[in-house]
Asker: 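Please see the structure below; I have some questions.
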Amino acid sequence: MSSGHVALTSPEALHVTGIRKSFGALEVLKGIDLTAMQGDVIAIIGGSGSGKSTFLRCLNFLEHPSAGTVRINGEEIALARDGHGNLAPSSGAQLRRIRSRLAMVFQGFNLWTHMTLLENVIEAPVRVLGLERKDAVWQAEALLDRVGLGHKIHEYPSFLSGGQQQRAAIARALAVDPHAMLFDEPTSALDPELVGEVLKVIRGLAEEGRTLVLVTHEMGFARDVANQVVFLHNGRIEEQGPPAELFGRPKSERLGRFLGNF
Ligand code: ADP
Ligand code: MG
């Protein structure tokens, strides 16, 4: 290709097909396909129990799907059957690759409570990526500063508000320089007055072109920040499209009803 070539489409960041998951007799995910191009912000919405968290957890193998394929930045993840017949990364090295490429931020504040914010943020770069400690510290200081916690780096999580903890969790997720970030209702455990400061950080990530897959009940935020919205119902994608269409002219009656509740 000539050096003057300009790519017209951004490369694929994440591509999954046919994701299924059962817990015993309960089939929670019934075959989900999703593609995120680099820079996409995909909001996943849906009622409680529709499978949103399970789907996110299958993407980074916190949950082993019963079936499906996962490709991250064009690279197919090699999978093997685990002892229960579900799909697991074929090796520890594969799992570490996945975890450093897809960073997840959860609903609860799941920082390590026995570590300061700085220690939380340097942990994965040092242990998983093999970064030199001083480089990891330098990077962590910059990341914590970026989420507005430059003055709290030596604090322990329990001394911080929920919003501060969640911002620190985002800094920790950023520290592995992930290809895509997965957020599972990152603001739903927060007091209302703390939601804004966390959404602001996530909006900043979207604006700098990061690839985000975000489960959220913040419909206004999804409409504003996402370029694609996926409505899950009963383990299937019921409707998918740009936010203006999904929120403005929902085709599915179920989606219309769901949105009517907000
Ligand atoms: P959502 O995040 O959309 O609320 P979840 O993915 O958490 O939905 O759950 C979907 C369904 O799967 C629910 O019926 C839930 O009870 C069930 N489920 C989730 N995790 C487990 C588990 N580890 N074992 C058994 N059932 C589970
Ligand atoms: Mg959930």
Side-chain angles (χ1 to χ4, degrees), residues 14 16-34 36 41-68 70 79 81-89 95 98-99 102-111 162 165-166 169-170 173 180-192 194-195 198-199 202 212-223 225-226 228-241 243 246-247 250 252-262:
L14 182 65
V16 301
T17 64
I19 300 290
R20 293 178 171 270
K21 176 66 183 174
S22 297
F23 294 107
L26 179 68
E27 193 179 28
V28 171
L29 301 179
K30 298 170 181 167
I32 296 190
D33 303 333
L34 188 74
V41 177
I42 301 182
I44 299 180
I45 62 173
S48 173
S50 57
K52 304 180 299 297
S53 294
T54 304
F55 177 61
L56 273 199
R57 293 166 63 82
C58 282
L59 294 181
N60 71 349
F61 293 89
L62 282 173
E63 212 68 81
H64 292 172
S66 324
V70 175
L79 301 172
R81 295 278 166 194
D82 67 13
H84 304 280
N86 293 313
L87 293 171
L95 181 62
I98 296 165
R99 292 284 162 78
L102 299 178
M104 185 143 167
V105 175
F106 300 85
Q107 174 176 0
F109 324 118
N110 60 326
L111 296 167
Q165 290 186 48
Q166 202 59 319
I170 294 171
M181 300 177 79
L182 313 176
F183 290 86
D184 191 1
E185 299 194 34
T187 60
S188 59
L190 294 175
D191 292 334
L194 302 177
V195 168
V198 173
L199 293 183
I202 298 173
L212 312 179
V213 181
L214 175 80
V215 172
T216 187
H217 288 301
E218 298 285 341
M219 296 302 153
F221 184 74
R223 187 172 191 149
V225 173
Q228 208 186 135
V229 181
V230 170
F231 174 56
L232 269 195
H233 176 77
N234 207 1
R236 287 200 175 86
I237 295 182
E238 167 98 1
E239 192 166 337
Q240 179 173 9
L246 239 97
F247 292 117
S252 143
E253 207 175 296
R254 283 198 190 104
L255 173 59
R257 233 177 299 136
F258 174 75
L259 294 173
N261 293 332
F262 281 86

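Index from 1, following the sequence. Atoms within a ligand are numbered from 1 in the order they appear, just like the ligands themselves.
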Asker: Checking Arg99 side chain against Asn60 main chain: does a donor-acceptor pair fall under 3.5 Å?
Answerer: yes

Asker: Is any side-chain heavy atom of Val213 closer than 4.5 Å to one of Leu102?
Answerer: no

Asker: With side chains defined as the heavy atoms from C-beta onward, is the minimum distance between Gln166 and Val195 less than 4.5 Å?
Answerer: no

Asker: Suppose I only count heavy atoms of Ser48 and a 4.0 Å limit; which atoms of ligand 1 are within that range?
Answerer: 4 (O)

Asker: Would you confirm whether Glu239, through its side chain, and Ser252, through its main-chain N or O, come within 3.5 Å as a donor-acceptor pair?
Answerer: yes

Asker: Just need the protein heavy atom nearest to atom 23 (N) of ligand 1, so name the residue and atom and give the distance.
Answerer: Phe23 CE2, 3.4 Å

Asker: Starting from atom 4 (O) of ligand 1, which protein heavy atom do you reach first, and at what distance in Å?
Answerer: Gly49 N, 2.7 Å

Asker: Quick check: does any side chain N or O of Arg223 sit under 3.5 Å from a backbone N or O of Leu246, one acting as donor and the other as acceptor?
Answerer: no

Asker: Which of the numbered atoms in ligand 1 are under 4.0 angstrom from any heavy atom belonging to Gly51?
Answerer: 1 (P), 3 (O), 6 (O), 8 (O), 10 (C)

Asker: Show the atoms of ligand 1 that are less than 4.0 angstrom away from any heavy atom in Gly47.
Answerer: 3 (O)

Asker: Identify, for atom 6 (O) of ligand 1, the protein heavy atom at the shortest distance, and state residue, atom and that distance.
Answerer: Thr54 OG1, 2.5 Å

Asker: Does some side-chain heavy atom of Ile45 sit less than 4.5 Å from a side-chain heavy atom of Phe247?
Answerer: yes

Asker: Would you mind checking which non-hydrogen protein atom is closest to atom 7 (O) of ligand 1, with the distance to 0.1 Å?
Answerer: Ser53 CB, 3.7 Å

Asker: Quick one: does Ser50 get within less than 4.0 Å of ligand 1, heavy atoms only?
Answerer: yes

Asker: Do Phe183 and Ile170 have side chains that approach each other closer than 4.5 Å (heavy atoms only, starting at C-beta)?
Answerer: yes

Asker: Could you list the donor-acceptor pairs under 3.5 angstrom formed by side chains in residues 50-59, with sequence neighbours left out?
Answerer:
residue: Ser50; atom: OG; partner: Gly47; partner atom: O; Å: 2.7
residue: Lys52; atom: NZ; partner: Gly46; partner atom: O; Å: 3.0
residue: Lys52; atom: NZ; partner: Gly47; partner atom: O; Å: 2.8
residue: Ser53; atom: OG; partner: Asp184; partner atom: OD1; Å: 3.3
residue: Ser53; atom: OG; partner: Asp184; partner atom: OD2; Å: 2.7
residue: Arg57; atom: NE; partner: Glu63; partner atom: OE1; Å: 3.3

Asker: Any heavy-atom pair between the side chains of Leu87 and Arg81 that's under 4.5 Å?
Answerer: yes

Asker: In Å and rounded to the nearest 0.5 Å, what is the CG to CG distance from Leu29 to Asn234?
Answerer: 10.5 Å

Asker: Contact between Leu232 and Ile32 at the side-chain level, heavy atoms closer than 4.5 Å - yes or no?
Answerer: yes

Asker: Tell me, which protein residue and heavy-atom name are nearest atom 12 (O) of ligand 1, and how many Å apart are they?
Answerer: Val28 CG2, 3.1 Å

Asker: Would you mind checking which non-hydrogen protein atom is closest to atom 16 (O) of ligand 1, with the distance to 0.1 Å?
Answerer: Leu26 CD2, 4.9 Å

Asker: May I ask you to list the protein N, O or S atoms found at less than 2.8 Å from the Mg ion (ligand 2)?
Answerer: Ser53 OG

